[in-house]
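Remarks on the structure that follows.
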2 protein chains.
Amino acid sequence: MLTAKRHQLIEDLLLKKQTVTIQEIMELTKASESTIRRDLSELEKKNKLIRVHGGATLHHSKSEEPSFPEKASKYVFEKKAIAETAALLVQPNDCIYLDAGTTIYEMVPHLTSKEVTVVTNGLTHLDILSKYKINTYLLGGFVKHNTRALVGHGAQVSMRKYRFDKCFLGANGIHTSYGFTTPDPEEALLKNMAIELSQDAFILADRSKLNQTSFTKFAELNEATLITNDDHANLAAYENKMNIKVVST
Amino acid sequence: MLTAKRHQLIEDLLLKKQTVTIQEIMELTKASESTIRRDLSELEKKNKLIRVHGGATLHHSKSEEPSFPEKASKYVFEKKAIAETAALLVQPNDCIYLDAGTTIYEMVPHLTSKEVTVVTNGLTHLDILSKYKINTYLLGGFVKHNTRALVGHGAQVSMRKYRFDKCFLGANGIHTSYGFTTPDPEEALLKNMAIELSQDAFILADRSKLNQTSFTKFAELNEATLITNDDHANLAAYENKMNIKVVST
DNA sequence: TGTTTGTGAAAGTTTATGATTGAAAAATAA
DNA sequence: TTATTTTTCAATCATAAACTTTCACAAACA
């Protein structure tokens, strides 16, 4: 495989996953360990990535985080599949709102080939959006450092200025009687407003969120279309109360 | 096969695959290696592709442009000294506005020990602000990807909601008759508004900016205090028109 | 027919690669 | 904690692949 192609592949991989191991790249490229090491060193020289023990990462700021050897989050694969399906719903020239959060973050790489305008309160999304020069409007407001999200009065005021074709939101709980819920009341307010301002609202959640409740309710079940993965047993209770788009994983 | 036809074929292939190897082209065209090499060289001259070891690729952008880190390297030493002096002016519990841009960026590390509230339109500043959990409010608005700054109507509306004890701004030109100038009209509007909303305004600029002008004026000389480094010959002309704080470097 | 342009093969040079090494760093066990 | 085992690391080297240059021949053109 071409050196240039490997480099490109590594960069793309990093954009999608934030961190990569040398093993992963070896499997993908069929190149030897030494070659990959050389590639990573070269890319580091160009400020494209940061080498860490076992592989490489994008985030200078995240270097402290001990989570490098791939978080054992078991739903990461399902999240990716759900996000990819959601991205297919986006039409060219759509104006869409993207929630902060990891599930929605997985959508961003799949938008890079479309002509869209993105509004978001998630700072993490910006890395990829910037790389692909996608038209982006950020809400203002207070910076929640731990989740890298914008919240508060400033964010609400900012959002009111926009109208969206579609919005894509994450949820921590979905429940037949309590609706869609999320832990942070500040973020709940924004989610709720996003639904109001959108023609179509979509909520992405893996099956572990079904029948769960969190602190703050931000929408009734029938206010949005749920995109989740296969779990017929649990889904049955919801099917006549709302729109559901099922992703088989 | 005709030369023109081969060239067309190579271009089409590149569009589809981003990178091609000489081997691939040889199989498709049945031409010899030297011919393909000649083709690639010619196409490179016409800026149709970039030659890489083993073949060719389309993407020039990915292999280069460390845009932000590179720009920061010119007067970096002087900038750091100016920024450090500016940071000393910040009092505990101040609410300050920080402009986007490299000079102001150098201030951020010196604020980490103080209790301050920061408002900014510069996305680059966030890395350090987040690391030290400094209270931060971001303006909303359109994301200018190349400079990583927020601009436009959204940013202006966001800013109006705040009042600042001090604001710290960068400038590209300082001139006795044209005042403070900067290239981007959108950013000039924000700078101007920041001065209005601040009790004290400070403009940071190294001595290379003296007697220079840029496209858009954002303030008169007497509207802000200039923080710059030692250059007595040039500074003399300004001394009775404005407040200047000189940093010896 | 002679001239120009394009082609392919061969020579020698440069660059990229994968295997191997001992040192260093993590992970694990005690 | 300390001692151990395992993994990862950087450096080296021989080999393979790709590179440039040159030259002779063939096709296209006037």
Side-chain angles (χ1 to χ4, degrees), chain A residues 1-74 76, chain B residues 1-64 66:
Chain A
M1 178 183 281
L2 234 48
T3 308
K5 192 159 191 172
R6 275 202 318 272
H7 285 203
Q8 205 170 303
L9 194 145
I10 293 170
E11 282 188 51
D12 288 348
L13 209 62
L14 262 173
L15 270 182
K16 288 192 187 174
K17 307 190 36 176
Q18 307 282 67
T19 61
V20 285
T21 63
I22 290 184
Q23 312 282 344
E24 285 175 319
I25 306 173
M26 279 174 68
E27 276 182 38
L28 271 167
T29 59
K30 312 288 181 204
S32 75
E33 198 186 318
S34 356
T35 304
I36 309 294
R37 287 185 189 287
R38 253 185 299 259
D39 289 339
L40 293 181
S41 303
E42 283 164 29
L43 288 168
E44 188 178 34
K45 249 186 219 162
K46 293 182 192 165
N47 286 319
K48 298 295 184 181
L49 49 79
I50 309 238
R51 296 228 38 198
V52 296
H53 199 88
T57 175
L58 263 183
H59 277 279
H60 318 222
S61 49
K62 273 198 174 177
S63 52
E64 303 286 335
E65 241 176 290
S67 63
F68 180 68
E70 186 66 19
K71 254 180 214 168
S73 175
K74 41 186 168 175
V76 65
Chain B
M1 180 184 283
L2 231 48
T3 309
K5 192 161 188 177
R6 277 202 316 275
H7 285 204
Q8 188 64 49
L9 195 144
I10 292 169
E11 284 188 51
D12 288 349
L13 210 61
L14 263 172
L15 270 180
K16 281 190 199 165
K17 308 189 37 176
Q18 307 279 73
T19 62
V20 284
T21 63
I22 291 184
Q23 312 280 341
E24 287 174 321
I25 306 174
M26 279 173 70
E27 276 182 38
L28 272 166
T29 58
K30 310 289 182 202
S32 77
E33 198 186 316
S34 357
T35 305
I36 309 292
R37 287 185 190 288
R38 256 183 296 262
D39 290 340
L40 292 180
S41 302
E42 284 163 29
L43 286 168
E44 188 179 33
K45 252 185 213 161
K46 294 181 192 164
N47 286 319
K48 302 285 189 180
L49 49 80
I50 309 246
R51 292 233 39 198
V52 295
H53 197 91
T57 176
L58 268 182
H59 272 187
H60 15 74
S61 54
K62 288 212 171 179
S63 52
E64 287 158 74

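Side chains are part of it too, since the values below use all heavy atoms of this structure and drop only hydrogens, waters and symmetry mates. The sequence lines fix the lettering, A, B, ..., with proteins before strands; numbering per chain opens at 1. Keep in mind the model is a prediction, meaning the values are calculated, not measured.
Across all strands shown, Met26(A) has no heavy atoms under 4.0 Å from either base or sugar-phosphate atoms.
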Atom pairs, protein N/O to nucleotides 10-17 of chain D N/O, distance under 3.5 Å:
unit_1  : atom_1 : unit_2   : atom_2 : d
dA10(D) : OP2    : Arg51(A) : NH1    : 3.2

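Taking only side-chain nitrogens and oxygens, Ser32(A) never comes nearer than 4.0 Å to OP1 or OP2 of dT17(C).
In this structure a side-chain-to-backbone donor-acceptor pair under 3.5 Å is missing from Arg51(A) to Leu40(A).
Between Lys48(B) and Leu14(B), the closest side-chain pair of non-hydrogen atoms is not below 4.5 Å. No side-chain heavy atom of Thr19(B) sits under 4.5 Å from any side-chain heavy atom of Val52(B).
Separating the CD1 atom in Ile25(A) from the OG1 atom in Thr35(A) is a distance of 11.5 Å, to the nearest 0.5 Å. Distance check, rounded to the nearest 0.5 Å: CZ of Arg37(A) to CD1 of Ile22(A) gives 3.5 Å. Here CD of Glu11(B) is found 9.0 Å from CG of Leu58(B). Values are rounded to the nearest 0.5 Å. To the nearest 0.5 Å, the span separating CG on Leu28(A) from CZ on Arg6(A) amounts to 12.5 Å. Atoms CD and CD, on Gln18(B) and Gln8(A) in that order, are 5.5 Å from each other to the nearest 0.5 Å.
When each of Asp39(B) and Leu2(A) is assigned the nucleotide of DNA chain C with its nearest heavy atom, Asp39(B) is the one assigned upstream, toward the 5' end. Both Lys30(A) and Arg6(B) lie near DNA chain C, and the one whose nearest nucleotide falls closer to the 5' end is Arg6(B).
The distance between atom CD of Glu44(B) and atom C1' of dC19(D), rounded to the nearest whole Å, is 13 Å. Look at CD1 on Ile36(A): it is 11 Å from C1' on dG18(C), rounded to the nearest Å. To the nearest angstrom, C1' of dT20(D) lies 12 Å from CD1 of Ile22(B). Atoms NE2 (His7(B)) and P (dT5(C)) sit 15 Å apart, rounded to a whole Å.
Judged as a side chain to side chain donor-acceptor pair (under 3.5 Å), and not counting sequence neighbours, the contacts of Thr21(B) are Glu24(B).
Comparing the local axis fitted to the first five base pairs of the helix from dT1(C)-dA30(D) to dA30(C)-dT1(D) with the one fitted to its last five gives a bend of 40°, rounded to 10°.
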